[in-house]
Amino acid sequence: MRPTPSRLAILLLTGCSGPQYALDPRGPAASSIADLWWLMFALAAVVSVTVTAVLLVGIRFSRRRRRGLQSPEINGRALVWSGGVIVPVIILLTVLVVSFRAGTAVYPAGIDGTDELTIEVTGHQFWWEVHYPQHGITTANEIAIPAGRRVRFLVTAPDVIHSFWIPQLHGKIDMIPGRLNTVWIQADEPGRFRGQCAEFCGASHALMAFWVEALQEDEFVGWLEQRSAVRTEPAEVEGGREVFFSAGCGDCHSTRGEPLPPAFGSPGPDLTYLALRSTLAAGTRPNDRVSLSRWIGDPQRIKPGSRMPGTRLSEQDMEALVDYLLSLR
Ligand code: CUA
């Protein structure tokens, strides 16, 4: 395919919309960041245009002089002092003050928010563990928050450094092993936002995404209630449940449902409400029958470097297992 101007423009502009576009902010923190970005962009544009114009004028004058033609006298000393010292100092001071204010608005210090809604997010290679400590809910790769209210996120990581980033709602915050970082996030209106790991963390760093759903208050309460209820596992998926344990899925994944014994594996994502999630493998695939069986059969093909081993199953066992997983709702 030849790179025509319109194709190049499409390539350059594809990042300029959608649920992960930082310049379409949907919360107060992202708005501060976007304002700062536009200010810096405008200043950089004015400086670039001005410097280029001065350069072109200088070239033109020196050519005229070389040809022995008259050209206007320029006070070089004044130009260097104003353009090289005074104006840059004013611009840099402005950016410093505005970015400092944005920084304190986005990452406020010293808030005692222990009684506010808290969500703990742990970054793993390459997925997100999500825990609501006040409600006893554990899920993965999808986060629900109430719209119009700020939420306290506590983030960390057990393996390597990841970075928690929801471009339309907030700036990046590092998830550092052995450290708990706090960030306050608010979505002004209900909506669905894509998050992405923003720190290179291994082969599938680019495939480490998640979704945030900002819900109306009553919908959010329903979301919490649905997930805090004790699940009763339907009898018709008993066969698939047996495959789940015999194939070793339960060694790494929890499914907290009745009848006991449930699985209490820990290294992998909690699967208790797996069928309620819209994506698989941290935003990599849609959560449906085909993707589930492909993922279970050969996760490395979909997500290189994932900790999940492939599982060889007969067609019948795979069907039963997928039936069981899709009953987890
Ligand atoms: Cu996790 Cu990049």
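For this chain, numbers begin at 1 and follow the sequence in order. Ligands are counted one by one from 1 in listed order, and the atoms in each one are counted from 1 as well. Values below: every heavy atom of this structure, side chains too, minus hydrogens, waters and symmetry copies.
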Q: Checking one value in my table: which N/O/S atom of His162 lies closest to atom 1 (Cu) of ligand 1?
A: ND1
Q: Could you confirm whether Met175 has any N/O/S atom lying under 2.8 Å from atom 1 (Cu) of ligand 1?
A: no
Q: I'd like to know if Lys172 pairs up with Asp174 as an ion pair, taking the criterion as any Lys NZ or Arg NE/NH1/NH2 lying under 4.0 Å from an Asp or Glu carboxylate oxygen.
A: no
Q: Are Arg149 and Glu217 within salt-bridge range, i.e. N to O under 4.0 Å?
A: yes
Q: Using 2.8 Å as a strict upper limit, say whether an N, O or S atom of His205 approaches atom 1 (Cu) of ligand 1 that closely.
A: no
Q: Verify the distance criterion only: is there a donor paired with an acceptor across the side chains of Asp288 and Ser291 at less than 3.5 Å?
A: yes
Q: Taking both backbone and side-chain atoms into account, decide whether Cys197 has an N/O/S atom under 2.8 Å from atom 2 (Cu) of ligand 1.
A: yes
Q: Starting at CD of Gln20, measure out to CD1 of Ile166 and round the result to the nearest 0.5 Å.
A: 10.5 Å
Q: Give, rounded to 10 degrees, the angle between SG (Cys201) and O (Glu199) as seen from atom 2 (Cu) of ligand 1.
A: 110°
Q: Is the NZ or CZ atom of Arg227 both under 6.0 Å from the centre of the six-membered ring of Trp223 and within 45° of that ring's axis?
A: yes
